[in-house]
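Inspection log for the structure reproduced underneath, given as structure tokens.
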Number of protein chains: 2
Amino acid sequence: MGNISCEREKEHQAAAQRAKEGMLPDSDLEKICKIFQMLSDPGRLKIVSALMNGEMCVYHLTEVCGGSTSSVSHQLRLLRDNDIVKARRMGKNMEYSIADEHVREIVNMGVAHLHCEVDE
Amino acid sequence: MGNISCEREKEHQAAAQRAKEGMLPDSDLEKICKIFQMLSDPGRLKIVSALMNGEMCVYHLTEVCGGSTSSVSHQLRLLRDNDIVKARRMGKNMEYSIADEHVREIVNMGVAHLHCEVDE
DNA sequence: TGAACATTTGAATGATTATTCAATTGTATT
DNA sequence: AATACAATTGAATAATCATTCAAATGTTCA
């Protein structure tokens, strides 16, 4: 190994060393991935960004986001299982809302990245 | 439509109204999704978080992240095509690095979410 | 030019995933 | 209890995706 010839070899080995030492355990990486995965489908992201405006029931979510009640419900189940949204029953309806502030921040960060285009 | 009976019906309609008015166009939603999608695979997230420590070549990335050179290269291609990382050639090697500050922030946010557990 | 190194590519496989449709559960109303 | 409304579920299909292996490209050095 290490048979690499490159001017900046030292910096790279140092970076590699830091990366190895600081690398999160796989279990953590998988948890983080799950959050991103939940936001990586247009339909789900639409639901989440709709909920950023306040609590809503499935009926309204379907009206706002389009698609069938069933597909919205399936998406909500995934979002719920992965703690992106939370739900509570109010009579016949289920009220969905954003699970916590972190989710808001992550989504807002995605939106921010959209507007501020690439630097290089 | 609108035949919903629920105590908080007014709030929900207001939220739905705001959501409709403020909803990002599909093209924007898809762009944001792409970013999240890139970070939603453990292998890719590992690569990205390794690169948070500094520029590295494919050889070192493979050493740090595991897997085959080929799979790392395939993942890097996706990350590159979607502006998560950037590359430049240095002699025989390709040097990869994080594309911009936004990517760093989004990843850091994911890590932060990990430590600060659910509020409710 | 040829040999060795570093990385990329393409095609193929198997695994995950979103959506649809039909059937079902839970709740309120009469 | 029966009806209607709201949401969920499960199975099936089609689409997307990560990984592998073998072959190819680009680069340096003798």
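First the proteins, then the strands, lettered A, B, ... as listed; each starts at 1. Just so it is clear, the values below take in all heavy atoms, side chains as well, and ignore hydrogens, waters and symmetry mates.
- Following rounding to the nearest Å, A/Leu76 (CG) and D/dT9 (P) show an atom-to-atom distance of 11 Å.
- In this structure, CE of A/Met90 is placed 13 Å from C1' of C/dT27, rounded to the nearest angstrom.
- The side chain of A/Lys92 lies closest to C/dT27 when the candidates are D/dT8, C/dT7, C/dT27.
- Contact annotation: B/Arg77 side-chain N/O to C/dT9 OP1/OP2 distance is under 4.0 Å.
- With rounding to whole Å, B/Arg88 atom CZ is found 17 Å from D/dG26 atom C1'.
- Comparing C/dT7, D/dA7, D/dT27 by their nearest atom to the side chain of B/Val58 picks out C/dT7.
- Going from atom CD1 of B/Ile47 over to atom C1' of C/dT7 covers 13 Å, rounded to whole Å.
- Contact annotation: A/Arg89 side-chain N/O to C/dG26 OP1/OP2 distance is not under 4.0 Å.
- B/Met56 has its CE atom 13 Å from the P atom of C/dT7, to the nearest Å.
- Partner of A/Met56 under the side chain to side chain contact (heavy atoms under 4.5 Å, CB included) criterion, out of A/Asn93, A/Leu51, A/Thr62: A/Leu51 alone.
- A donor atom on one side chain and an acceptor atom on the other are not found under 3.5 Å apart for B/His113 and A/Glu105.
- Put simply, CD on B/Glu95 is 8 Å from P on C/dT7, counting in whole angstrom units.
- Close to D/dT8, at under 4.0 Å from its OP1 or OP2, lies a side-chain N or O of A/Tyr96.
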Return a single string for nucleotides 12-23 of chain C, one symbol per nucleotide in 5' to 3' order, where B is base contact, S is sugar-phosphate-only contact and - is none, cutoff 4.0 angstrom on heavy atoms. -----SSSBBB-
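- Neither side chain, B/Gln13 nor B/Lys10, offers a donor N or O lying under 3.5 Å from an acceptor on the other.
- Side-chain contact annotation: A/Gln17 with A/Glu21, donor-acceptor N/O pair under 3.5 Å present.
- By the side-chain contact (heavy atoms from CB on, under 4.5 Å) test, A/Met94 is found to be paired with A/Arg80, A/Ala87, A/Arg89, A/Tyr96, residues two or more places apart in sequence or in another chain being considered.
- Taking atom CG of residue B/Asp81 and atom P of nucleotide D/dA18, one finds them 12 Å apart after rounding to whole Å.
- When rounded to the nearest whole Å, the span between OH of B/Tyr59 and C1' of C/dC5 equals 11 Å.
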side-chain contact (heavy atoms from CB on, under 4.5 Å) for A/Ile106 and A/Val103? Distances and angles first, verdict last. CA-CA 5 Å; A/Ile106 294 175; A/Val103 173; 5.9 Å; no
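- Proximity of B/Met23 to B/Lys20: side-chain heavy atoms (C-beta onward) are nowhere separated by under 4.5 Å.
- The phosphate of C/dT7 (OP1 or OP2) has a side-chain N or O of B/Asn93 nearer than 4.0 angstrom.
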